[in-house]
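First up is the structure itself, then whatever we jot down about it.
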Amino acid sequence: MKNYIVGAVIASSLQLTTSAAFASEQNTLQLEDVFELEYASSPSIHPSGDYTVFVRNYMDIMTDRKYGALWQVDHAGDMRPLLGGDANDHSAVWSPDGSKLAFVSNRSGRQQIHLYWTDTGKHAPVTRLTGAPSNLAWSPDGQWLAFTMFTPAPKAPPVSLPKAPKGAKWAEAPKYIDKDNYRFDGSGYAADGYQQIYVMPASGGTPRQVTSGEHHHGGTLAWRDDSQHIIFSANLHDEAFFEPQNSELYQVALATGELTQLTDRDGPDRSPVISPDGQKVAWVGYDDEKMSYQLNQLYVMDLKERKPQLLTADLDYSVGSVQWRDDSQALYFAYDRHGKGHIVMQGLDGKRAQLTDAMGGLSYSRPYSGGAFDVNGKQLVFTKADAERPADLVLQHGKMQRQLTALNDDLLATKHLGRVEEIWYDSQHGDYQIQGWLVYPPNFDPEQKYPLILEIHGGPHTAYAESFSAEVQLMAAAGNVVLYTNPRGSTSYGEDFAQEIHHNYPSQDYDDLMDGVDAVIAKGFIDEDHLYVTGGSGGGVLTAWIVGHTDRFRAAVVAKPVINWYSFVLTADMYNYFGAYWFPGLPWEHLDHYMKYSPISYVGNVTTPTMLLTGDADYRTPISESEQYYQALKLAGVETAMVRVPDAPHGIYSRPSNLMAKVAYILYWFEKYSD
């Protein structure tokens, strides 16, 4: 899966001057190593419990894309490709008897449903779909596969123009848009149509559409035990656009398409999972209070009585990845706490047991929390969070743990990475301690003085963790100490901590970051004249806020930011959500509030050389935000530059070369202002 590069050298001018002698002494991580990284995801234990199928994710240097191929590993650690060849495989699910594996792949040239037969080891596509299928689910009797797929519903334009004369070359016809959410980050302008549910014979054949109407029907699909009904989540309310979180659970009868509503409350109900005995459904959701952050909680309902039972009222962390235990008397789920991924077993009797707090590792670019797991009987397989490696798989059986994969030892075993150290420090506002992590340059000497880079996470309601980060390690390899933290507003510290920035962002989260910088300086090995700051998305907001409120940083790189909340709400893809949940009302009704928290309001204070870096195709924090700040800084006489990443959405690192370019430009800018 590796791509080997011969003689690939990135110009030393793109690294800090302190890195020159440094890199010659140590085999440190280099920009081109990004193409060598791999990680495991989506573990799925075979029903026999003998082995696990997972996606082995890798970077292809020729296409500049991340791909994933299905591999298998037995529980002694013997690993081999399941299918072989170059493809992008995902969404693998076992049939109830374990004889077949359904998955989605582009092996036939476009995204189709494929089957793999365990008795012969053969595989083949079993659909000829015009769209991309997702959310595969086997019926309990093994006879049917359900999935969701976008279903076009094209509309004729409201005007008809005369036909062009033969041979004439007219301009492309205008595009008429009247849909509520008309573009989405990462997928562009929305086509006319809706996500619908389909079923097909498990042996292959023509799929049959079972839902219809002008709403999206999708997400996790949960079969009833009769193999004749499917439970799913959808927002079918008439005012769905103005109530973007108000989804319910529905049941659809395959024979008639009849819908039965199972839940009814103001708030989301999603990700249904049916118990093995077919009697109960579990799901996650909450009562919507229009807060910018709200906890996903775990509910269970007997399908006959239909009285929801809340199982996690005492848990101050968001629940996800719910699975049932085989006896239908308990469930497994995951949550993040203090930057660690916990997996627990939750009994219907209220008892809860922690199985591990080491899950994570799926975000190889920046050190975000989050992971994946699967359970079969007493066997637990999960992705491991490790500051020195992207995600590998770990098997846990009782008290026994065994690492099943070591996907990056061929690359990283010869690299001297930056040591990662967890720190806690007091906040000057409120009775909070703030968690952070220091990444030291390889061959760190505490008697020397080092530049410090403050790297700020996005969200803002997300969390960093002690996980591998290519970006942070590359910054450390260039001779910097790097600090990343979870200031107030971050998740995994309880609902109150996250809600500190509700209608109040940025605010004291700025002070939490400055307190972190001061705490690191107090350790005695930081050159206070060489402080740098960068962050992306929500971290870009805070970086722009920082340079508008202090001149202590020598240079800053503001990546994919929001600069003006007024224009953001009116140009972002999820504008109906942001306007309702992040602010007290519509922009023109609360101008003072919007501008008080907009970094553009403080551009007159900025003296720090500040670079902007955003993807041209970013519809989450549109590049017009960066353009505003760039032009404002130019008008204010501040040294600035703008890096536009062609065709890149909000997730710039989805193209490995863009990840390299992002880090290279950050280091270039900091080097430029190091003297």
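What's counted below: heavy atoms across the whole structure, side chains too, no hydrogens, waters or symmetry copies.
Using a distance-only test at 3.5 Å, with no hydrogens or angles considered, a donor-acceptor pair links the side chain of Thr543 to the main chain of Gly535. Put simply, the side chain of Trp669 gets close to the backbone of Pro609: a donor and an acceptor are under 3.5 Å apart. At least one donor-acceptor pair closer than 3.5 Å links the side chain of Asp618 to the backbone N or O of Thr621. Between the side chain of Thr640 and the backbone N or O of Thr610, at least one donor-acceptor pair lies under 3.5 Å. Of the possible donor and acceptor atoms, one in the side chain of Thr383 sits under 3.5 Å from a partner among the backbone N and O of Gly360. At least one donor-acceptor pair under 3.5 Å links the side chain of Ser318 to the backbone N or O of Asn296. Judged by distance alone, the side chain of Ser469 and the main-chain N or O of Val472 form a donor-acceptor pair under 3.5 Å. Looking only at distances, no side-chain donor or acceptor of His429 sits under 3.5 Å from a matching main-chain atom of Asp512. Side-chain N or O atoms of Thr550 include none that pairs as donor or acceptor with a backbone N or O of Ile546 at under 3.5 Å. Although no hydrogens or angles enter the test, the distance criterion places no donor-acceptor pair under 3.5 Å between the side chain of Lys340 and the main chain of Ala358.
Residues meeting the ring-ring contact (aromatic ring centres under 6.0 Å, His included) test with Tyr332, sequence neighbours left out: none. Qualifying salt bridge (Lys or Arg N to Asp or Glu O under 4.0 Å) partners for Glu466, counting only residues two or more places apart in sequence or in other chains: none. Scanning for salt bridge (Lys or Arg N to Asp or Glu O under 4.0 Å) contacts around Asp314 gives Arg352, with sequence neighbours left out. The side chain to side chain donor-acceptor pair (under 3.5 Å) search around Asp386 returns none, not counting sequence neighbours. With sequence neighbours left out, Phe553 forms a ring-ring contact (aromatic ring centres under 6.0 Å, His included) with no residue at all. Applying the salt bridge (Lys or Arg N to Asp or Glu O under 4.0 Å) rule to Arg552 yields the partners Asp518; only residues at least two apart in sequence or on another chain are considered. In terms of the salt bridge (Lys or Arg N to Asp or Glu O under 4.0 Å) criterion, residue partners of Arg655 (sequence neighbours excluded) are, by chain and number, Asp64. Qualifying ring-ring contact (aromatic ring centres under 6.0 Å, His included) partners for Tyr464, counting only residues two or more places apart in sequence or in other chains: Tyr368, His457, Tyr484.
The number of heavy-atom neighbours closer than 6.0 Å to CD of Glu528, taken from other residues, nucleotides and ligands shown, is 12 or below.
Contact detail for Gly341 and Asp336: the closest heavy-atom pair is CA-OD1, 3.5 Å.
A 4.5 Å side-chain heavy-atom check between Tyr532 and Leu454 finds every atom pair outside the cut-off. Within the 4.5 Å cutoff, no side-chain heavy atoms of Met359 are placed close to those of Val394. In this structure, the side chains of Leu395 and Phe382 stay at 4.5 Å or more apart for every pair of heavy atoms. Within the 4.5 Å cutoff, the side chain of Val517 has heavy atoms near those of the Leu452 side chain. The closest side-chain heavy-atom distance from Leu412 to Pro390 is below 4.5 Å. No side-chain heavy atom of Asn408 sits under 4.5 Å from any side-chain heavy atom of Phe468. With a 4.5 Å cut-off on side-chain heavy atoms, Ile563 and Trp545 do not count as touching. Here the side chains of Leu474 and Leu31 are in contact, with some heavy-atom distance below 4.5 Å.
Aromatic ring pairs are classed by plane angle as parallel below 30°, tilted from 30° to 60° and perpendicular above 60°; the pair Phe568 and Phe578 is tilted. Between Tyr335 and His342, the ring planes lie parallel to each other; the angle is under 30°, not in the 30° to 60° tilted range.
Residues Tyr505 and Trp565 bring their aromatic ring centres within 6.0 Å.
Of the residues Phe497, Tyr293, Tyr581, the one that meets the ring-ring contact (aromatic ring centres under 6.0 Å, His included) test with His461 is Tyr293. The only member of Val533, Val541, Thr534 that meets side chain to side chain contact (heavy atoms under 4.5 Å, CB included) when paired with Ile456 is Val533.
Residue pairs satisfying the salt bridge (charged side-chain N to carboxylate O under 4.0 Å, His left out) criterion with at least one member in residues 442-465, sequence neighbours excluded, are listed as follows: Arg366-Glu455. Listed by first then second residue, pairs satisfying salt bridge (charged side-chain N to carboxylate O under 4.0 Å, His left out) with a partner in residues 623-638 read Glu627-Arg644, not counting sequence neighbours. Each salt bridge (charged side-chain N to carboxylate O under 4.0 Å, His left out) pair with one or both residues in residues 491-510, not counting sequence neighbours, appears once here: Arg488-Glu500. Screening residues 418-434 for salt bridge (charged side-chain N to carboxylate O under 4.0 Å, His left out) gives Arg419-Glu421 as the qualifying pairs, with residues at least two apart or on separate chains.
Side-chain contact, Tyr673 with Glu639: a donor N or O sits under 3.5 Å from an acceptor N or O. Side-chain contact, His650 with Ser537: a donor N or O sits under 3.5 Å from an acceptor N or O. Side-chain atoms of Asp392 and Tyr39 include no donor-acceptor pair closer than 3.5 Å. Counted by atom type alone, Tyr493 and Asn486 present one or more donor-acceptor pairs between their side chains at under 3.5 Å. Of the N and O atoms on the side chains of His416 and Asn27, not one donor lies less than 3.5 Å from an acceptor on the other residue. For the residue pair Glu471/Ser365, the side-chain donor-acceptor check at 3.5 Å is satisfied. Defined by atom type and a distance below 3.5 Å, a donor-acceptor pair is missing between the side-chain atoms of Glu38 and Tyr364. There is no side-chain donor-acceptor pair under 3.5 Å between His90 and Ser42. Judged by distance alone, the side chains of Thr63 and Tyr67 do bring a donor and an acceptor atom under 3.5 Å apart.
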Would you check, one step at a time, whether the test salt bridge (charged side-chain N to carboxylate O under 4.0 Å, His left out) holds for Asp74 with Arg80? CA-CA 9 Å; Asp74 70 21; Arg80 60 190 66 182; 5.9 Å; no

Assess whether side chain to side chain contact (heavy atoms under 4.5 Å, CB included) is satisfied between Leu667 and Asn480, documenting all intermediate values. CA-CA 10 Å; Leu667 293 176; Asn480 304 285; 4.1 Å; yes

Step-by-step side chain to side chain contact (heavy atoms under 4.5 Å, CB included) determination, Tyr597 to His503: CA-CA 9 Å; Tyr597 294 98; His503 295 177; over 6 Å; no

Determine whether Val73 and Asp78 satisfy the following criterion, side chain to side chain contact (heavy atoms under 4.5 Å, CB included), listing intermediate values before the conclusion. CA-CA 5 Å; Val73 59; Asp78 180 30; 5.9 Å; no

Kindly determine whether Thr28 and Gln30 satisfy side chain to side chain donor-acceptor pair (under 3.5 Å), including the steps that lead there. CA-CA 6 Å; Thr28 56; Gln30 301 298 304; 2.9 Å; yes

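The pair Lys66-Asp60 fails the salt-bridge criterion, with no side-chain N (NZ, NE, NH1 or NH2) lying under 4.0 Å from an Asp/Glu carboxylate O. For Asp33 and Lys415, the salt-bridge test passes: some basic side-chain N is under 4.0 Å from an acidic carboxylate O.
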